[in-house]
Every structure is written in structure tokens, then in C-alpha cells.
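Each chain gets a letter, A, B and so on, in the order the sequences are listed, and its residues count up from 1. All heavy atoms count here, side chains included; hydrogens, waters and symmetry mates do not. All values derive from a computational prediction rather than experimental measurement.
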Amino acid sequence: MSNRVQNIRGMRDHLPPAMILRQYIIDTLTSVFERYGFEPLQTPIVEYAETLDGKIGDDEKLIYRFEDHGGRKVALRYDQTVPLARVVAQYQGRLLFPWRRYAIGQSYRGERPGRGRYRELWQADIDIVGSASPLADAEILAVLTDALTALGFTSFTTLISHRQILGGIARVSGLDNAAASNIYRAIDKLDKIGIDGVRNDLLQSGVNAAAAERILALINLQGDADEVLNALAQQLQGDERALQAIDNVRSIIDYARAMGVPEERIVIAPRLARGLSYYTGAVFESIIQNPPMGSLLGGGRYDDLIGMFAGRSIPTVGLAFGIERLHDVMEELGMGPASRTIAVALVTLFNPNMATESLRLAQELRRAGLLIETALDPSEKLGKQLQYANRRGIPYALVIGPDELARGEVVVKDLRSGEQQSVARSAVVSQLRAVADAWRTPRTAHDQGGMHERQTS
RNA sequence: GUGCCUGUAGCUCAACGGCAGAGCGCCUGACUGUGGCUCAGGAGGUUGUGGGUUCGAGACCCAUCAGGCACCCCA
């Protein structure tokens, strides 16, 4: 029997310093989502296996499956999109469309863990259910841009494409459906393996040289969004579906501009394939160049998925923020709250006789909304109590000794500077509140590096 | 799921097949209303785990677990 002390592979424990950052991420995302009218939804982590089967494509083998005590075949959710589809179908009569909903929670994928890849991963999903309007797609772009900006990111890029642009590229290159699905994976690797790498992959998967060059030219288009879309429209002439897709993306981008999404945040990237098979329309993902972390979020339009449950088409667009990746990147870049502890001040206990007075002070401050920790041992030397506060990173220590009590004052000591002053007891709240606000102000990114087109090699 | 690299004190890492160490951290004191800095002491290890080779294994071999990198794929 093993009694090892060990967490499960690919699943992380988050100690308080990490959780403070994660909660900051979640709080920030939540507040941006709600600013756009998205409503919270929570669903179970466990679903019937058949609910998940046949929805996500080849990755189905990565789903965690087991039988419950009653022998039912169940599975841990792979994402929060399929459960959303189930909910929409199940509660159609109680929901009003279009419906904006967000969901923040964990999903499970039996992948091999690596950088930015975990078997338990938290995602923050937003979706607009029941609207086919390109304005819905654009709103997702606006939310994502606001959210990453609010988190402190200064140089992210959102790649945008459309399933039928990709399809059009395959069709005008003379590939049938089977061949087409093979090339998507190859061209999606453009950023990683470069133009020559993709050419190699294409040729190796049986694409003839002429078709390969055609594909490479299309996925390697450079320029701003309008230029790339125009070039695509020109070269995909005759493919009605692709042209419609291009018009659709134009509309989405126009609306996004109207909502103030900066031009430099958007790149039309025909190479963008995205793995999940349920996407039907626009697809997008946001990336930063430094540190390298794949995509921070990904999403798109999936007009048929909910219909698989509901029996009628309910067009939907949405995306998932990868909280694990946001966390890892923000940690590496030193973003998020500077504080690594919760309390803004430690109320010390001067001695057993004075403890009551100190505890009374602590409760006053807590009722005023301040985050206060107290010492627990009135007989412990004051130096020990200060040392504890200092090590915990608590910025302030409060002391009430006999002198302070007699004068109705409190010593407020700044443990970072070492300075201290006696403050009238009635003024402690306002003084601490001011410093607490400054102390919890999050840091923004130093830089995530300039990012736009891939490095040309 | 495949290949490669790594795993030694709380942390970061040393140690030719021959007595397991350093820095930081931690504990005690110098410091009797005050942390940090300095100084003096001190504690802390079945070398991830289980086998094997050897007179002798932290080191070599096998297995296993965990982490990293590259595939694959994705948030």
C-alpha cells in the first residue's frame, strides 16, 4: 500500500501566493465579463460520457472516463462548452436568447503534461448563445481585448480566421475533404516550423507541389486586416463559401473597431486551424510572444454543437481563457498584485493584560473592511510578532502598549521602511485604508515583447 | 501515447564507483516596548521509490513515480 505524499500528475496545488494571483485573474475576468452583461453559470465537473462523446473530435481519447458506483459510464468534462450545450438544450424553456453566460472552472484532459499543459486546467469561458450576428463575434473580441488589457497585458495579438477560409484554401488547391483535414494541422504549425517546414509537411502528406505553393502563398499573406482579407477574397474567387466567410470576418472586424478594439491587436491569420472539431465559423486565439506560451485563449463560432442536443440550430460564439497559462505567464512577467499575502496589517499583542484592547482594535478595523491578522500568543515577545509579520510580507504592524492606551493612540509601524508613528486611534482606519489600496494595486506587465507576424527566418 | 534529459537538506545546487557537503532559509542567543542588518552557536539526509551489479552505489543497470524538453496536440 502506498502512503506517498504526492499530488496527481499534471494537476497542481496552489499555495497562497499562487492563489492570490489566480483569484486576481478570476476577479478581473469576472468583472469585465459582467460589464458586458454576461451571467454566471456553473455545471458539474462530471457528465454522462455520452454527453461528451462525438463532440470534440480526435481528442476524445483524452477524456477521463470511469464508472460511478451505479455502473453508469461517466466522464470528467473536457471543456465547458459541451456542458453549456447540454444546459442550453435541457433548459431551453427557461432561458432567454440571446444569452450571454460565463463559466469559470476546471476541466480535465488526459494529455502528457508540459509547459502550459496540465491535466486539470481552469478556464474562463464566455459565450453568446442564440445569435448568428457578426456583432456577437465582435463582442467576444471586445471582451477578450478588454479582459487581457485589464489583466495588464500590453502587447498581445488576437489571430482571427474562419473555418471556411481554411476550407476555401483547401478547395482552391484541389484537395478533397479527406486531404483537406490532413493539411490543417500542417499549416497551423507555420509559426512553429516556418514556411519551409510547412512545405515539407504538405509534400509529405501527399499534396502536389503546385497545390502546396498555392496553400503556402495563402497562409503566408502579410499586412493589416483589410489587406489580408482583400488578398484572400481575390485568391479565393469562385469559392462561394470562402467569400461569404471573408465577408463575415470583415463585418466582425468592422464591429470590433466600432467597439474600440485597437487595430494592432488584430491579425488575420488564415493558418489558424484550432483543434476542436465543433467550430463552424470565425475562430480566434490570442497569443503573446514573450514568454512563449502558445495561446492564452481560444474560441470561435460553433453553430451546430448545441443543435446536437437541442434538436434545433442555436448559433453560438464564445471562447475560453486559459487560466493556467495566464497564471504562468503573469507569474513569469511579474504581473498581478505585488502582495503575496492577504492581511495588510498585523495587530500585535503587547502582553496578556493588553490583549483585550488589541483584539478590540482588530475587530474595529475588520468591521471597517480592512484585512487584519492578529498575533495569537499574548506572551510571545513583540520582536517575534514583528518578525512573523515581516516574514509573511504583511506591510504594517500595529502596537498598543500601556503608553498608547493611556494616550488613546496606536503605533502604526511600516515594516518595509521601518518607520513608525503614533496615530490617534480614530485615525487608524483611514490611514490604513489609504496604504492598503496602494499596496494591493496590481503591477502591469513590464513587457510581453513586441508581437505580430511570426519571426521570418 | 513516443523519444531524450533530470530527481541529493525547506530552497538552489556540489560530491572521480571509496567518510554526503556549500550557500540561502530555519532554530537559539548577543538585543528586557521593535522585525530586517551584523556576529556567535545549533538543528536538519534511508540521495524520489523498489529491485539489481559490485568488496563498496548518490553515481552503473532495470523498473516505477515525478518534473522538464522535443514530437503529438491543445488553454
Peer 1: From the list G35(B), A75(B), G33(B), which nucleotide is the closest neighbour of the side chain of Arg109(A)?
Peer 2: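 Shortest atom-to-atom distance from the side chain points to A75(B).
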
Peer 1: Return a single string for nucleotides 1-8 of chain B, one symbol per nucleotide in 5' to 3' order, where B is base contact, S is sugar-phosphate-only contact and - is none, cutoff 4.0 angstrom on heavy atoms.
Peer 2: BBBB----

Peer 1: Any side-chain heavy-atom pair from Phe156(A) and Thr149(A) closer than 4.5 angstrom?
Peer 2: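 Side-chain contact under 4.5 Å: yes.
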
Peer 1: Output yes when Glu404(A) and Arg425(A) qualify as a salt bridge under the 4.0 Å nitrogen-oxygen rule, no when they do not.
Peer 2: no

Peer 1: Counting C-beta onward and ignoring hydrogens, is there a side-chain heavy-atom pair between Phe66(A) and Leu76(A) closer than 4.5 Å?
Peer 2: yes

Peer 1: Using the P atom as the point on both nucleotides, what is the distance between C27(B) and G44(B), in whole Å?
Peer 2: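 Looking at atom P only, G44(B) and C27(B) are 15 Å apart.
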
Peer 1: Hey, does Tyr24(A) have a side-chain heavy atom less than 4.5 Å from the side chain of Pro337(A)?
Peer 2: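 They are in side-chain contact.
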
Peer 1: Measuring to OP1 and OP2 of C72(B), would you say a side-chain N or O of Lys189(A) lies under 4.0 angstrom away?
Peer 2: yes

Peer 1: Just checking Leu62(A): base, sugar-phosphate only, or nothing, at a heavy-atom cut-off of under 4.0 Å?
Peer 2: nothing

Peer 1: Using the P atom as the reference point in each nucleotide, state the distance between C26(B) and C11(B) in Å, no decimals.
Peer 2: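 The answer is 14 Å between these two P atoms.
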
Peer 1: P atom, A57(B) versus A20(B): distance in rounded Å?
Peer 2: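 Per the computed distance, 11 Å lies between those P atoms.
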
Peer 1: Looking at U34(B), A75(B), G67(B), which one has an atom nearest to any side-chain atom of Arg9(A)?
Peer 2: G67(B)

Peer 1: Looking at every strand, decide which applies to Glu285(A) at a 4.0 Å heavy-atom threshold: base, sugar-phosphate, or nothing.
Peer 2: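 Touches nothing.
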
Peer 1: What integer number of Å spans the P atoms of G58(B) and U2(B)?
Peer 2: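 My reading of the P atoms in G58(B) and U2(B) gives 30 Å.
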
Peer 1: Taking CG from Leu272(A) and C1' from C74(B), how many angstroms apart are they, rounded to a whole number?
Peer 2: 12 Å

Peer 1: Take atom P in C72(B) and the same atom in G3(B), then report the distance between them in whole Å.
Peer 2: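 Pairwise P distance, C72(B) against G3(B), rounds to 16 Å.
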
Peer 1: Separation of Asn390(A) atom CG from C26(B) atom P, in whole Å?
Peer 2: 10 Å

Peer 1: First locate atom OH of Tyr184(A), then atom CD1 of Ile215(A), and finally report the distance between them rounded to the nearest 0.5 Å.
Peer 2: 9.5 Å

Peer 1: Side chain of Pro402(A): nearest nucleotide among G33(B), C65(B), G35(B)?
Peer 2: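 Closest of the options to the side chain of Pro402(A): G33(B).
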
Peer 1: Measure from CG on Leu415(A) to C1' on G35(B) and round the result to the nearest Å.
Peer 2: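 For the pair Leu415(A) CG and G35(B) C1', the rounded distance is 6 Å.
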
Peer 1: Rounded to the nearest 0.5 Å, how far does CG of Asp328(A) lie from CG of Leu326(A)?
Peer 2: 9.0 Å

Peer 1: State whether a side-chain donor-acceptor pair under 3.5 Å links Tyr255(A) with Asp137(A).
Peer 2: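 Checked: Tyr255(A)/Asp137(A) side chains show no N/O donor-acceptor pair below 3.5 Å.
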
Peer 1: Write down the distance between CG (Leu346(A)) and P (G35(B)), rounded to a whole number of angstrom.
Peer 2: 15 Å

Peer 1: So, Tyr102(A) versus Glu34(A): side-chain donor-acceptor pair below 3.5 Å or not?
Peer 2: yes

Peer 1: How far, in whole Å, is C62(B) from C5(B) if one measures between their P atoms?
Peer 2: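 Straight-line distance between the two P atoms is 11 Å.
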
Peer 1: Within the pair Arg391(A) and C26(B), is there a side-chain N or O less than 4.0 Å away from OP1 or OP2?
Peer 2: yes

Peer 1: Is the closest basic N to carboxylate O distance between Arg271(A) and Asp191(A) below 4.0 Å?
Peer 2: yes

Peer 1: Would you mind reading off the distance between Leu297(A) atom CG and C74(B) atom P, rounded to a whole angstrom?
Peer 2: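 Those two atoms, CG and P, are 16 Å apart.
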
Peer 1: Quick one: Trp122(A) CH2 to C74(B) C1', roughly how many Å, whole number?
Peer 2: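 Atom CH2 in Trp122(A) sits about 20 Å away from atom C1' in C74(B).
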
Peer 1: Quick one: are Tyr388(A) and Thr348(A) in side-chain contact, heavy atoms under 4.5 Å?
Peer 2: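 Contact flag for Tyr388(A)/Thr348(A) side chains = no.
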
Peer 1: Specify the residue among Ser286(A) and Glu404(A) whose closest nucleotide of RNA chain B lies further upstream toward the 5′ end.
Peer 2: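 This one resolves to Glu404(A).
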
Peer 1: Spell out yes or no: do the side chain of Gln385(A) and the base of U34(B) have one donor N/O and one acceptor N/O closer than 3.5 Å?
Peer 2: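 Counting by modelled atom types and ignoring angles, no donor-acceptor contact under 3.5 Å is found here.
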
Peer 1: Between G35(B), U34(B), U32(B), spot the one nearest the side chain of Lys381(A), thanks.
Peer 2: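 For the Lys381(A) side chain, the nearest candidate turns out to be U32(B).
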
Peer 1: What nucleotide among G35(B), U34(B), C65(B) has an atom nearest to a side-chain atom of Leu382(A)?
Peer 2: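 Among G35(B), U34(B), C65(B), the one nearest the side chain of Leu382(A) is U34(B).
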
Peer 1: Can Arg77(A) and Glu47(A) be said to form a salt bridge (Lys or Arg N to Asp or Glu O under 4.0 Å), step by step?
Peer 2: CA-CA 6 Å; Arg77(A) 67 185 180 202; Glu47(A) 294 276 354; over 6 Å; no

Peer 1: Name the nucleic acid region contacted by Gly294(A), choosing base, sugar-phosphate or nothing; use a 4.0 angstrom heavy-atom cut-off, strictly under.
Peer 2: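 Result for Gly294(A) = nothing.
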
Peer 1: By nearest nucleotide on RNA chain B, pick out whichever of Arg274(A) and Asn7(A) is the more 5' one.
Peer 2: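 With Arg274(A) and Asn7(A) compared, the 5'-side residue is Asn7(A).
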
Peer 1: Mind checking Lys61(A) for me? I need base, sugar-phosphate or nothing, with any heavy atom below 4.0 Å counting as a touch.
Peer 2: nothing

Peer 1: Give one of base, sugar-phosphate or nothing for Gly299(A), where a contact means two heavy atoms less than 4.0 Å apart.
Peer 2: nothing

Peer 1: Heavy atoms under 4.0 Å, any strand shown: does Phe321(A) hit a base, just sugar-phosphate, or nothing?
Peer 2: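 Phe321(A): no heavy atom of the nucleic acid under 4.0 Å.
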
Peer 1: If I pick the C1' atom on A43(B) and the same atom on A9(B), what distance separates them, to the nearest angstrom?
Peer 2: 11 Å

Peer 1: So what does the secondary structure string of RNA chain B come out as, 5' to 3', with Watson-Crick or wobble pairs under 3.5 angstrom, [ ] for crossing and | for pairs with another strand?
Peer 2: (((((((..((((....[..)))).(((((.......))))).....(((((..]....))))))))))))....

Peer 1: Could you work out which one of C74(B), G35(B), C65(B) sits closest to the side chain of Asp59(A)?
Peer 2: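 Closest nucleotide among those given: C74(B).
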
Peer 1: After noting the C-alpha distance and the side-chain angles of Leu21(A) and Glu331(A), does the key distance pass the side-chain contact (heavy atoms from CB on, under 4.5 Å) rule?
Peer 2: CA-CA 8 Å; Leu21(A) 175 57; Glu331(A) 192 160 77; 4.2 Å; yes

Peer 1: Over how many whole Å does the gap from Gln387(A) atom CD to G29(B) atom P extend?
Peer 2: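 Interatomic distance, CD of Gln387(A) to P of G29(B): 10 Å.
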
Peer 1: Any idea how Phe321(A) and Phe33(A) line up, ring-wise: parallel (<30°), tilted (30 to 60°), or perpendicular (>60°)?
Peer 2: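 Rings of Phe321(A) and Phe33(A): tilted, 30 to 60°.
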
Peer 1: From C-beta outward on Leu121(A), which listed nucleotide comes closest to its side chain: C72(B), A75(B), G33(B)?
Peer 2: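 Minimum distance to the Leu121(A) side chain belongs to A75(B).
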
Peer 1: Looking only at side-chain atoms of Val399(A), point me to the closest of U34(B), C74(B), U32(B).
Peer 2: U34(B)

Peer 1: Between A66(B) and U8(B), how many Å separate the two C1' atoms, rounded to a whole number?
Peer 2: 15 Å

Peer 1: Students often get this wrong, so: under 4.0 angstrom with heavy atoms, is Tyr388(A) touching a base, only sugar-phosphate, or nothing?
Peer 2: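 No contact.
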
Peer 1: Round to a whole Å and report the spacing from CG of Asp13(A) to C1' of G67(B).
Peer 2: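 In whole Å, G67(B) C1' and Asp13(A) CG are 14 Å from each other.
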
